[in-house]
Amino acid sequence: MPRAVIAPIALLPEGWAEQVLIEFGRDGRITRVEAGAAKSGDADHCQGPVLPGMPNLHSHAFQRAMAGLAEVALNPEDSFWTWRDLMYRLVGRLTPEQVEDIARYLYIDMLKGGYTAVAEFHYLHHGLDGKPYADPAEMSRRVLRAAERAGIGITLLPVLYAHGGFGGKAPSDAQKRFINTTDQYLKLQESLAKDCAAPGRRLGFCFHSLRAVTGDEIKSVMGSADDDRPVHVHIAEQQKEVADCLAWSGRRPIQWLYDHVPVDERWCLIHATHAEPDEVAAMAKSRAVAGLCPTTEANLGDGLFPAIDFVADGGRLGIGSDSHVSLSVVEELRWLEYGQRLKHERRNRLHDANKHVAGYLYRASLQGGAQALGQKMGAIAVGNRADLVVLDGQHPLLAHVSGDDILGRWLFAGLNRMVKDVMVGGEWVVQDGRHGDEIEAGRAFAAAVKAAI
Ligand code: NGQ
Ligand code: ZN
């Protein structure tokens, strides 16, 4: 483990700086940041612009196994819901070993795409027969182990999934591997607390959706701990979900949540696609993070989150790769902006007072992502994890550009390939575009997928 790195140019909280020395301790946390530093024999000299690593705030790791295989028009009405049927078929087959092998390779690809930590929204808990494993946390531990093997930070979000629809509807047979009572759920949380106390790990609460939990269940989970654990929930992703919620309660999902639950900055609302202006304003005011997953939302035909209004209201956002049709900070941020351009037939839609779109998108999703993961990351600053992304300083597109134009080149004209080196918690996990375990992990992934699908 190097003790320090020197960046020719780095994105610091106060702006871009040159010749930046970044020192860190054995626990992987940054202990010193100093611009204008002299060259040093002890430090690793980075060969390009250095950025804070991006948090990936939404992942269902196992879905990587089917990414790209549901793009066949089998039904003229293909939708989110027919995709979900295909996804449930995969759910009906996966073993713990397979989940670990799928997640391990997925996380390697995530690192190569510029993400240094992931919030794993984990709801595949039980055996193929729907019964808990001898260790009910078996699947959760597999996911943690995959993250450790890949070398990515993780916020584990074991999911409470209790019902199959609004108002406590019984789950379907396909959902049996997800189901827990509140008591079982709290025990699961308790049994994972120690494992998630290690550096680079965090444990959070998670409700699958308002389709899967009742208000009382949310209250009893939240009442069990008043600490600052992050809390995630899927919400208002599909029009049918909004219609069903209205039919059940007379309120839209986001309205219902804000009417019944004190939502604050611990919360991350995943998708929130179908948000009306009053809902957008409530979300922004609550300081909760909007967990946007543009490539998956496009892939599943969800709709477009009203990001312009949300940003104008000072809302906090972050990005996730969700179903993993793309593992790329570039693609998520680019499509977040492009969705708005296509809809409004204008350019440069998402920005702050600095007017720089790429600069805004990258900084905002660093901050929102770190908040959603509940981890000290997202900025090159003392006390934060040494999670760094080094772009390719030799790339001709990056020659002769400085400041936020570096981000503009990477996010709007570049590719994952511009990610050269990645450090997580003070360890290089990607060097020269490669991860040390990618070949071995790739083989294990392919074997697991072959057996499972
Ligand atoms: C999920 N995924 O839980 O994996 C969901 C689909 C559902 C996304 N929404 C299933 N992307 O919401 O019921
Ligand atoms: Zn999801």
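First listed ligand is number 1; within each ligand, the first listed atom is number 1.
Ligand 1 is approached by M87 to a heavy-atom distance shorter than 4.0 Å. Heavy atoms of H208 come nearer than 4.0 angstrom to ligand 1 in at least one pair. Remark: distances from the non-hydrogen atoms of H271 to ligand 1 include one below 4.0 Å.
Listed by number with element, the atoms of ligand 1 under 4.0 Å from a non-hydrogen atom of Y123 are 1 (C), 3 (O), 4 (O). Taking a cut-off of under 4.0 Å to the non-hydrogen atoms of E237, the atoms of ligand 1 that pass are 8 (C), 9 (N), 11 (N). Near F80, the atoms of ligand 1 lying under 4.0 angstrom from a non-hydrogen atom of the residue are 6 (C), 7 (C), 9 (N), 12 (O).
Not a single N/O/S atom of C293, whether from backbone or side chain, sits less than 2.8 Å from the Zn ion (ligand 2). At a threshold of 2.8 Å, the Zn ion (ligand 2) has no backbone or side-chain N, O or S atom of H271 nearer than that distance.
Contacts between L300 and ligand 1, counted as non-hydrogen atom pairs separated by less than 4.0 Å, involve the side chain only.
Considering only non-hydrogen protein atoms, atom 12 (O) of ligand 1 sits nearest to R211 NH2, 2.9 Å. Distance from atom 11 (N) of ligand 1 to its nearest protein heavy atom, with residue and atom name: D322 OD2, 2.9 Å.
By the 3.5 Å distance cut-off applied to N or O atoms, W81 is not counted among the residues near ligand 1.
Side-chain contact between D437 and R104: present, with at least one pair of heavy atoms (C-beta onward) separated by less than 4.5 Å.
Taking the ring centre of F178 as origin, the terminal cationic atom of R211 falls outside the region bounded by 6.0 Å and 45° from the ring axis.
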